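Okay, structure first, notes after.
Residue numbers count from 1 along this sequence. What you see is a predicted model, and the numbers here were worked out from it, not measured in a lab.
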Amino acid sequence: MKLLEDKILTEGKALSTSTLKVDSFINHQVDPVLMNEIGRDFAEHFKDAGITKVLTIESSGIAPSVYTAMHLGVPMIILKKQTSKILNGNVAQTNITSFTKGTSYELTLSLDYLDEKDTVLIIDDFLANGEAATGAVRLAKTAGARIAGIGILIEKSFQKGRQKLIAQGYEVYSLARIARLDEGVIEFVRE
Ligand code: 5GP
């Protein structure tokens, strides 16, 4: 998606060979016009997949997912990183290793909102080693839902997430695919 690639080139900061900072339009400050276009693109791509819910991970997946859900005309579900006292017993949980923090955390889904009648589109901001997306897949499967595909804003194609998800039989649709990062260097995959 040219709009996203241009934004990454103008505002993204490659901090190392593995990490890209996009705080000014995705992770801290959010560009709603860009998020709306991202939502439109995901919705268009998956329009015939029978999606009933968009599933995302808090917090950076929420903004693009809201717009995607709006364009598809379906609800969005947030997988929670914090366990709250008001989430009752009807939940599924799974453990994720965080790429950016190097720690692990529990991801929680209330089973009140997803069941075997649902077909989900999973959306996340980044795809690195595929830990977060695989965790979202596990939770959706626990609920009995079908997975239509995985929509990613920024895929770091030099890491193993895409292969991991494709090997499990899932479609990975990424709006920007990064081939190489280095301090001050951002190169996209060109097919
Ligand atoms: P994975 O689970 O695929 O290894 O990593 C994906 C998750 O880690 C995403 O949800 C995202 O929050 C975070 N992440 C991975 N790589 C980057 C990166 O280069 N920059 C930022 N800002 N977040 C990243």
Side-chain angles (χ1 to χ4, degrees), residues 1 26 35-99 103-157 159-175 177:
M1 184 193 200
I26 298 177
M35 293 302 149
N36 186 30
E37 292 312 315
I38 284 171
R40 196 191 305 279
D41 192 314
F42 281 140
E44 173 60 27
H45 184 83
F46 287 101
K47 66 176 186 297
D48 299 322
I51 290 156
T52 60
K53 304 262 166 85
V54 174
L55 195 63
T56 196
I57 299 164
E58 67 175 355
S59 57
S60 299
I62 296 175
S65 296
V66 169
Y67 286 99
T68 307
M70 186 188 74
H71 286 288
L72 284 168
V74 300
M76 178 204 57
I77 299 172
I78 304 163
L79 298 175
K80 304 280 214 173
K81 287 181 181 168
Q82 311 288 339
T83 34
S84 139
K85 278 191 203 138
I86 54 171
L87 266 179
N88 65 20
N90 193 24
V91 297
Q93 291 187 308
T94 193
N95 200 266
I96 312 279
T97 305
S98 162
F99 176 83
T103 52
S104 69
Y105 61 90
E106 204 80 50
L107 209 55
T108 303
L109 165 69
S110 166
L111 295 170
D112 292 344
Y113 305 119
L114 200 65
D115 62 34
E116 62 288 339
K117 294 187 288 304
D118 286 308
T119 297
V120 297
L121 169 61
I122 294 169
I123 289 186
D124 203 10
D125 59 343
F126 274 90
L127 179 61
N129 293 324
E131 280 287 318
T134 305
V137 164
R138 276 199 299 276
L139 291 177
K141 280 169 71 177
T142 303
R146 196 179 77 81
I147 293 140
I150 296 153
I152 298 291
L153 275 64
I154 306 175
E155 172 191 310
K156 291 181 291 176
S157 305
Q159 291 169 320
K160 57 180 194 269
R162 167 178 280 270
Q163 289 98 296
K164 205 157 139 182
L165 294 166
I166 284 176
Q168 295 172 66
Y170 300 114
E171 180 191 353
V172 179
Y173 177 64
S174 303
L175 300 182
R177 299 185 64 199

Evaluation steps, side chain to side chain contact (heavy atoms under 4.5 Å, CB included), between Arg138 and Ile96: CA-CA 11 Å; Arg138 276 199 299 276; Ile96 312 279; 4.2 Å; yes
Approximate separation, where rounding is to 0.5 Å, of [X] [atom1] and [Y] [atom2]:
X	Y	atom1	atom2	result
Thr134	Leu139	OG1	CG	11.0 Å
Ile26	Asp125	CD1	CG	6.5 Å
Gln93	Leu107	CD	CG	9.0 Å
Met70	Thr68	CE	OG1	9.0 Å
Ile77	Asp118	CD1	CG	6.5 Å
Ile123	Phe46	CD1	CZ	8.0 Å

Could you report the tightest heavy-atom contact between [X] and [Y], atom names first, then the distance?
X	Y	answer
Ile57	Ala136	CD1-CB, 4.4 Å
Ala132	Tyr105	CB-OH, 4.2 Å
Leu55	Ala140	CD2-CB, 3.9 Å
Lys47	Leu72	CA-CD2, 4.4 Å
Phe126	Ile152	C-CG2, 4.0 Å
Leu127	Arg162	CD2-N, 3.6 Å

Qualifying side-chain hydrogen bond (donor to acceptor under 3.5 Å, both in side chains) pairs, either residue in residues 54-66, two or more places apart: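 Those involving residues 54-66 are Asn27-Ser60, Thr56-Ser65.
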For a 4.5 angstrom cut-off between non-hydrogen side-chain atoms, does Val66 reach Met35?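 Result no, sub-4.5 Å side-chain heavy-atom pair not found.
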State, yes or no, whether a side-chain contact exists between Ile147 and Glu171 at a heavy-atom distance under 4.5 Å.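 No, too far: nothing below the 4.5 Å cut-off.
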Looking only at side-chain N and O atoms, does Asp41 offer a donor or acceptor that is under 3.5 Å from a partner on His71?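 Absent: no donor and acceptor within the cut-off.
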How about Phe99: does its CZ atom have over 12 heavy atoms from other parts shown lying under 6.0 Å from it?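 It does: Phe99 CZ has more than 12 such atoms within range.
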Step by step, would you call Asn129 with Lys160 a side chain to side chain contact (heavy atoms under 4.5 Å, CB included)? CA-CA 5 Å; Asn129 293 324; Lys160 57 180 194 269; 3.8 Å; yes
Would you please classify the geometry between the His45 ring and the Tyr173 ring as parallel, tilted or perpendicular, with 30° and 60° separating the classes?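 Correct class here is parallel.
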Give the C-alpha distance, both sets of side-chain angles, the deciding distance and a yes or no for side chain to side chain contact (heavy atoms under 4.5 Å, CB included) between Lys117 and Thr52. CA-CA 9 Å; Lys117 294 187 288 304; Thr52 60; over 6 Å; no
Residues that Lys156 engages under salt bridge (Lys or Arg N to Asp or Glu O under 4.0 Å), provided they are two or more places apart: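 By the salt bridge (Lys or Arg N to Asp or Glu O under 4.0 Å) rule, Lys156 matches no residue at all.
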Steps toward side chain to side chain contact (heavy atoms under 4.5 Å, CB included) verdict (Met76, Ile62): CA-CA 9 Å; Met76 178 204 57; Ile62 296 175; 4.2 Å; yes
